[in-house]
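Atoms considered below: every heavy atom in the structure, side chains included; atoms not considered: hydrogens, waters and symmetry mates.
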Amino acid sequence: MDIAVIGVSAEAVEIYRYFLRHPGDSVGSARQRLADADPERIQAVVEELGLLGLLDIKDRHRVVATEPRVGIERLIEKRLDELNMEIRRVLETRDVIATLEEDLRGGESSHGVLAIERVEGLDEVRRRIDDLGFFCYEQTLALHPGGPLSPGAIETGRVVATRNLRRGLAVREVYHPTALGNPLMDSYLRDLASLGAQIRITEAQMDRMVIFDSVAVVAIHPKESHRGALLVREPGLVSQLITYFDGVWNDAVDLRNFTEPSTEVPQLSELERRVLSVMATADKDEVAAREIDVSVRTYRRYVADLMARLGAVNRFQAALRAKEENWI
């Protein structure tokens, strides 16, 4: 029996078990009965068990073993406390990331590290993407135009996204409808969604790219992704790419809603229908509110709610979607 994980060696266990079987024996008796053991070593282990709280050795002529449920549980709790403290110390090292990132940016600036790096070859691109995903600590964003990903790209994406989702990072990805319908691809998207990734679908044209925190990966040639990728670190460019992503994201539809669209027409109040009817025609909120005889504040509250329900980014788009969905 070896419970060294809580600080008790196999040798110590055997001597502890001896005193459990022979309550009240002396240390001398233990030396005589454990003839195969070194007497000096027995003495040392008895001292060790005393410090661990598994033996009461105040009287060496009458050693009492602590009840296992009490003694072992006490050692387990102590070890768990030590492990928790160690985990906290490890997690606290994350705080140094921001400082080290500043050092990295300073080093890149002073030594002329490329703000845009060219990476050629699919294998090398996938390796770099895996590295970027591993060191990502906030979010990953991705746009995937065209049809299903290749099996190799799916495997790379699965490893990176799964690891990041389990670390608590935000993962948002947008795909074109032509990516759906492939069993391997559909399974991949369902798996990501089940782990917490946000997946949306859009029929709009978009450029392929992936963003890991402050580094963007874009294709060297938009229509020939096999040629390689550009790694963009320039903050201004990355900011613009994130803005571009957000625009595509806001116009896209959630994967579940796209694949399983609701056939039910929502129940709208008469006032909600009137608000929808004037949203695309009225130039000003004051005019629209007066036309349907409500306050401007009430009108704006209804507009905000309807836009959210329709997933629209502006009022004109909300009115169009309302007509497409037969809301009005």
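Atom CG of L55 is separated from atom OG1 of T66 by 6.5 Å, given to the nearest 0.5 angstrom. Separating the OH atom in Y244 from the CG atom in L141 is a distance of 13.0 Å, to the nearest 0.5 Å. Here the straight-line distance linking atom NE2 of H144 with atom OG1 of T202 works out to 13.5 Å at 0.5 Å rounding. The CG atom of N250 sits 9.0 Å away from atom CZ of F245, with the distance rounded to the nearest 0.5 Å. The CD1 atom of I72 lies 11.0 Å from the CD atom of E67; values are rounded to the nearest 0.5 Å. Put simply, CG on L169 and SG on C136 are 5.0 Å apart, with the number rounded to the nearest 0.5 Å.
The backbone N or O of F134 lies less than 3.5 Å from a partner atom in the side chain of R167, making a donor-acceptor pair. No side-chain donor-acceptor contact under 3.5 Å links D213 to the backbone of V215. Side-chain atoms of S239 do not come within 3.5 Å of backbone N or O of G236 as any donor-acceptor pair. Remark: the backbone N or O of V27 is not paired with any side-chain donor or acceptor of R60 at under 3.5 angstrom. A donor-acceptor pair is defined here as one N or O able to donate and one able to accept, closer than 3.5 Å; such a pair exists between the side chain of D186 and the backbone of G181. For R163 (side chain) and D130 (main-chain N/O), a donor-acceptor pair under 3.5 Å exists by modelled atom type. Listed for the D25 side chain is no donor-acceptor partner under 3.5 Å among the backbone atoms of F19.
Residues R126 and V159 are not in side-chain contact: their nearest non-hydrogen atoms beyond the backbone lie 4.5 Å or more apart. Side-chain atoms of V171 and I199, non-hydrogen and from C-beta on, never get closer than 4.5 Å to each other. L54 is listed as a side-chain neighbour of L75, based on a closest heavy-atom distance under 4.5 Å. Counting heavy atoms from C-beta outward, P151 and L184 have side chains that approach closer than 4.5 Å. The shortest distance between side-chain heavy atoms of R200 and V248 does not fall below 4.5 Å. The shortest side-chain heavy-atom distance between L231 and L132 falls under the 4.5 Å cut-off. Within the 4.5 Å cutoff, no side-chain heavy atoms of Y16 are placed close to those of V8. Counting only heavy atoms from C-beta outward, the side chains of R74 and E77 never approach each other to under 4.5 Å.
At most 12 non-hydrogen atoms from other residues, nucleotides or ligands lie less than 6.0 angstrom from CD of E203. Residue D293 qualifies as open at atom CG: its count of foreign heavy atoms under 6.0 Å is 12 or below. Other residues, nucleotides and ligands place no more than 12 heavy atoms under 6.0 Å from the CZ atom of R62. Counting heavy atoms of neighbouring residues, nucleotides and ligands inside a 6.0 Å radius, atom CZ of R69 does not exceed 12 of them.
Two different hydrophobic clusters hold L165 and L189 under the rule that ILVMFWY side chains link at heavy-atom gaps under 4.5 Å. L276 and L271 fall within the same hydrophobic cluster, where Ile, Leu, Val, Met, Phe, Trp and Tyr residues are linked whenever their side-chain heavy atoms come under 4.5 Å apart, directly or through other members. Linking Ile, Leu, Val, Met, Phe, Trp and Tyr whenever their side-chain heavy atoms come within less than 4.5 Å puts V125 and V160 in one cluster. No single ILVMFWY cluster, assembled from side-chain heavy atoms under 4.5 Å apart, contains both L51 and I57. Under a hydrophobic clustering in which Ile, Leu, Val, Met, Phe, Trp and Tyr are joined whenever their side-chain heavy atoms come within less than 4.5 Å, directly or via other members, L241 and I116 fall into the same cluster.
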Side chain to side chain contact (heavy atoms under 4.5 Å, CB included) evaluation trace for E173 with Q198:
CA-CA 6 Å; E173 300 189 357; Q198 299 180 66; over 6 Å; no

Between N182 and Y188, is a side chain to side chain contact (heavy atoms under 4.5 Å, CB included) present by the stated rule, with each step listed?
CA-CA 10 Å; N182 175 280; Y188 168 64; over 6 Å; no

Might you work through the side chain to side chain contact (heavy atoms under 4.5 Å, CB included) test for L143 and D207, ending with a clear yes or no?
CA-CA 7 Å; L143 299 180; D207 295 321; 5.8 Å; no

Should R118 and L230 be marked as a side chain to side chain contact (heavy atoms under 4.5 Å, CB included) after you check the CA-CA gap, both sets of side-chain angles, and the distance that decides it?
CA-CA 5 Å; R118 185 185 181 99; L230 300 175; 4.1 Å; yes

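Partner of Q43 under the side chain to side chain donor-acceptor pair (under 3.5 Å) criterion, out of R41, E40, E47: E47 alone. Partner of L149 under the side chain to side chain contact (heavy atoms under 4.5 Å, CB included) criterion, out of M185, E155, R158: M185 alone.
Pairing each heavy atom of S214 with each of V238, the nearest pair is O-CG2, 3.5 Å. Counting all heavy atoms, side chain and backbone alike, V174 lies closest to A252 at CG1-CB, 4.1 Å. The heavy-atom pair separating V217 from A229 by the smallest distance is CG1-CB, 3.7 Å. For V5 against R79, the heavy-atom pair with the smallest separation is O-NE, 3.3 Å. When all heavy atoms of D191 and S194 are compared, the pair lying nearest together is O-OG, 2.6 Å. Pairing each heavy atom of H176 with each of M206, the nearest pair is N-CE, 3.6 Å.
Looking at R127 and D131, a side-chain N of the basic residue comes within less than 4.0 Å of a carboxylate O on the acidic one, giving a salt bridge.
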